[in-house]
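Only one structure is covered here, and it is reproduced in the block below.
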Amino acid sequence: MNFENGFVVSMNRIAILAFSFFEEPEYPNWIDHVQPIFKQYEQLFPVMNDFIRLGNYTQVTLTHNLHMLEFAMSVDINHPNYMPVTRDLSPTKRKMILKWLRQTSTPLSSRCTACHVEEEVTVPYYQNLYTRRLDRSSKSDRSSESYR
C-alpha cells in the first residue's frame, strides 16, 4: 500500500482522503489549535494513554514526549512510525502541530514571549484552578459526611 497526494493506492483499489480547509495560524497555541486535535486522537485511540495522554498539556510538553511526537509526525507518511497511523490528519494541520511542537521544545527565552505567554501561563493557571476546585469539592463532601 502506498500513500501519495491524498490517494491510497493498493492493488486494484483507490481510496481518496478529502480534507476540510484549515488555515494555518501564524502562532499556534495549545488551547485553540493543538489540544482540540490531540484530544480527538486521545479519544479515538485510547491505547495511546498507556504512553502519553495527548489531551494533557503537561504530558505532551515533557521533553521526551515532545521529541517523540515531533519524530513521529515528521517522518515520511509511508514510514511505519508515522503518526497518526490512520493517515487522516491533513497536511496543513500536521504542519501546524509540528510548528507548535518545535516552538514549545525551544527554551522560553529564545521564543517570542509576547506570542507564547498564553500557553506558558494560562494553561498551568487553569490546571491549578481545576485542581483547587476538585480539592474544595472533595473537602465539602467530607465535611457533609461528618455532620451526618
Side-chain angles (χ1 to χ4, degrees), residues 1-11 13-141:
M1 186 162 65
N2 196 7
F3 183 89
E4 294 179 15
N5 299 324
F7 293 93
V8 177
V9 181
S10 174
M11 302 290 254
R13 293 180 283 164
I14 295 178
I16 299 173
L17 295 175
F19 302 111
S20 59
F21 177 76
F22 178 78
E23 187 174 341
E24 183 182 351
E26 187 175 354
Y27 300 104
N29 65 60
W30 172 256
I31 295 171
D32 298 325
H33 307 110
V34 179
Q35 197 269 347
I37 297 168
F38 276 6
K39 187 67 177 174
Q40 181 180 15
Y41 281 102
E42 179 183 45
Q43 292 170 345
L44 289 171
F45 304 104
V47 71
M48 285 290 293
N49 292 340
D50 293 340
F51 307 102
I52 180 175
R53 295 191 63 90
L54 290 172
N56 184 306
Y57 178 84
T58 305
Q59 283 195 17
V60 169
T61 56
L62 292 172
T63 304
H64 63 279
N65 288 339
L66 284 171
H67 293 300
M68 183 265 308
L69 288 167
E70 184 179 354
F71 169 77
M73 295 187 84
S74 61
V75 295
D76 182 65
I77 198 161
N78 293 310
H79 193 279
N81 289 339
Y82 180 84
M83 183 179 149
V85 70
T86 53
R87 275 91 172 142
D88 59 354
L89 183 64
S90 73
T92 312
K93 286 183 181 178
R94 181 174 155 250
K95 184 178 172 189
M96 181 268 304
I97 291 171
L98 280 168
K99 184 177 186 179
W100 180 82
L101 288 168
R102 290 174 181 144
Q103 289 173 346
T104 305
S105 65
T106 59
L108 181 61
S109 59
S110 65
R111 294 191 245 156
C112 168
T113 51
C115 303
H116 301 283
V117 166
E118 176 183 350
E119 66 187 58
E120 296 298 326
V121 175
T122 308
V123 173
Y125 173 76
Y126 283 123
Q127 287 176 339
N128 190 21
L129 286 178
Y130 180 74
T131 305
R132 286 183 183 173
R133 187 178 311 143
L134 288 176
D135 289 344
R136 286 182 185 160
S137 66
S138 62
K139 286 178 184 176
S140 65
D141 291 343

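Along the sequence shown, the residues carry numbers beginning at 1.
- The shortest side-chain heavy-atom distance between M48 and E42 does not fall under the 4.5 Å cut-off.
- A pairwise comparison of heavy atoms in K93 and I37 identifies CD-CD1, 3.9 Å as the closest pair.
- Side-chain N or O atoms of Q59 include one that pairs as donor or acceptor with a backbone N or O of R53 at under 3.5 Å.
- In this structure, F38 and L69 approach most closely via the heavy-atom pair CE2-CD1, 4.1 Å.
- In this structure a side-chain-to-backbone donor-acceptor pair under 3.5 Å is present from R94 to M73.
- Taking CG of N29 as the reference point, atom CE of M96 lies at 9.0 Å (rounded to 0.5 Å).
- Atom CG of residue N65 and atom OG1 of residue T104 lie 12.5 Å apart, to the nearest 0.5 angstrom.
- How far CG of D76 is from CG of N81: 11.5 Å, rounded to the nearest 0.5 Å.
- Heavy atoms only, all atoms of each residue included: G55 and K39 are closest at CA-CD, 4.0 Å.
- A donor and an acceptor atom, one from each side chain of Y41 and D88, are located under 3.5 Å apart.
- Taking all atoms of both residues into account, the shortest heavy-atom contact from L89 to F19 is C-CE2, 3.8 Å.
- Note that OG of S74 and CD1 of I97 are 12.5 Å apart. Values are rounded to the nearest 0.5 Å.
- Put simply, the side chain of W30 reaches to within 4.5 Å of the side chain of V60, judged on heavy atoms.
- Other residues, nucleotides and ligands contribute over 12 non-hydrogen atoms within 6.0 Å of the NZ atom of K99.
- Taking CG from N56 and CG from L62, the interatomic distance works out to 8.5 Å, rounded to the nearest 0.5 Å.
- To the nearest 0.5 Å, atoms CG (L98) and CZ (F71) are separated by 12.0 Å.
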